[in-house]
Amino acid sequence: MSRPNHDDWNANIIAEFRANEGRVGGEFEGAPLVLLHHRGRKSGRAMVSPTMYMPDESTPDKIYVFASKAGAPTNPAWYYNLVAAGTAEVERGTEKYSVSVNEVTGDERDRIYDEQARRYPRFTGYAEKTAGIRTIPVLALNRIPE
C-alpha cells in the first residue's frame, strides 16, 4: 500500500491527535506529539504541522522541536516560518497556547538532539542521513503567559 500524499497524511494525524486528546497511533504511538500553528512567511496562509517534541526537564513551559523532516536534505517549511515569525501557537494534549520561538545552537543543541535520539533512535538515523548536508535545527518553544 502506498503512503498517502503529505497533506493527507498530516490531515489524518491532526484529526487523530484532536480526537484522542493529543495521542496518535501508528508510527507515532506513545511519542510526544505537538501541533504547530504557523503562517507561511511568503504565502501568509495559516498552517498546522504535527511534529514530535521533547519537554524541557527543568522548565515545564518549554518544549523542544526538531526540524528533522525525517532526514530529508532540506529543512521543513515550518522551521523557516517559525524562525521568521518568532512566535507561534501549539496544541499540546488538549491545550492550545502561544509560544516564543528560539533556535538552540552549539553544545546545547547537540545535547538536546542527542537526548532526543537516545529516547527515539529514529533521530539518529535522521542525523546520519543529513550528515555533511545540514545540521538538523532544534527550536525551543517557550509558553507565553496569558
Side-chain angles (χ1 to χ4, degrees), residues 5-24 27-146:
N5 80 44
H6 186 262
D7 289 340
D8 289 346
W9 187 79
N10 274 354
N12 290 337
I13 294 286
I14 292 165
E16 186 177 358
F17 178 99
R18 290 176 173 156
N20 295 291
E21 299 180 334
R23 292 182 300 275
V24 299
E27 67 184 279
F28 292 111
E29 186 168 3
L33 203 65
V34 67
L35 301 183
L36 302 172
H37 291 254
H38 54 100
R39 288 210 170 271
R41 67 196 181 290
K42 296 176 186 172
S43 69
R45 188 171 60 101
M47 299 180 215
V48 179
S49 301
T51 190
M52 287 179 65
Y53 74 90
M54 184 176 79
D56 184 272
E57 296 299 325
S58 59
T59 308
D61 285 339
K62 180 190 288 188
I63 63 172
Y64 301 101
V65 293
F66 306 86
S68 66
K69 201 175 177 183
T74 59
N75 292 325
W78 64 256
Y79 162 76
Y80 296 107
N81 294 339
L82 266 61
V83 169
T87 60
E89 284 191 326
V90 298
E91 283 180 69
R92 183 177 170 196
T94 58
E95 284 189 283
K96 185 176 180 182
Y97 56 89
S98 297
V99 294
S100 62
V101 177
N102 298 289
E103 187 152 5
V104 181
T105 59
D107 291 343
E108 184 183 9
R109 178 255 169 230
D110 294 346
R111 179 185 59 76
I112 293 164
Y113 192 90
D114 290 349
E115 178 59 23
Q116 180 71 352
R118 187 190 68 74
R119 294 177 186 192
Y120 298 95
R122 73 177 73 172
F123 282 84
T124 299
Y126 300 159
E128 289 169 354
K129 286 182 183 179
T130 61
I133 300 167
R134 70 181 179 100
T135 299
I136 295 171
V138 175
L139 299 178
L141 307 181
N142 293 283
R143 185 180 198 137
I144 299 171
E146 292 184 21

Of Glu103, Lys69, His38, which is the lone residue that meets side chain to side chain contact (heavy atoms under 4.5 Å, CB included) with Tyr79? Glu103
Test side chain to side chain contact (heavy atoms under 4.5 Å, CB included) applied to Tyr64 and Leu141, Val104, Leu139, the passing residue: Val104
Is there a side chain to side chain contact (heavy atoms under 4.5 Å, CB included) between Tyr97 and Ile144 once you walk through the steps? CA-CA 8 Å; Tyr97 56 89; Ile144 299 171; over 6 Å; no
Side chain Tyr113, main chain Phe123, donor-acceptor under 3.5 Å: yes
Any donor-acceptor pair under 3.5 Å linking the side-chain atoms of Thr59 with those of Asp61? no
Could you pull out the closest heavy-atom pair between Phe17 and Val24, with the gap in Å? N-CG1, 3.6 Å
Work out which heavy atom in Leu82 is nearest to a heavy atom in Ala88; give both atom names and the distance. CG-CB, 4.1 Å
Do [X] and [Y] have side chains that approach each other closer than 4.5 Å (heavy atoms only, starting at C-beta)?
| X | Y | result |
| --- | --- | --- |
| Arg122 | Met52 | yes |
| Val65 | Trp78 | yes |
| Gln116 | Val138 | no |

State the [atom1]-[atom2] distance between [X] and [Y], to the nearest 0.5 angstrom.
| X | Y | atom1 | atom2 | result |
| --- | --- | --- | --- | --- |
| Met54 | Tyr120 | CE | OH | 10.5 Å |
| Asn142 | Ser100 | CG | OG | 4.0 Å |
| Leu35 | Ile13 | CG | CD1 | 9.5 Å |
| Thr94 | Arg92 | OG1 | CZ | 11.0 Å |
| Arg39 | Met47 | CZ | CE | 9.0 Å |
| His37 | Thr87 | NE2 | OG1 | 13.0 Å |

Determine all donor-acceptor pairs shorter than 3.5 Å in which one atom belongs to a side chain in residues 124-132; sequence neighbours excluded.
{"from": "Lys129", "atom 1": "NZ", "to": "Ala70", "atom 2": "O", "distance (Å)": "3.4"}
{"from": "Thr130", "atom 1": "OG1", "to": "Tyr126", "atom 2": "O", "distance (Å)": "3.2"}
{"from": "Thr130", "atom 1": "OG1", "to": "Ala127", "atom 2": "O", "distance (Å)": "3.2"}
{"from": "Thr130", "atom 1": "OG1", "to": "Arg134", "atom 2": "O", "distance (Å)": "3.4"}

Does Arg143 have any side chain to side chain donor-acceptor pair (under 3.5 Å) partners at least two apart in sequence or in another chain, and if so, which? Glu95
Measure the acute angle between the ring planes of Trp9 and Phe28, then classify it against the limits of 30° and 60° as parallel, tilted or perpendicular. tilted
Please name all residues satisfying salt bridge (charged side-chain N to carboxylate O under 4.0 Å, His left out) with Arg118, sequence neighbours left out, ordered by chain then number. Glu115
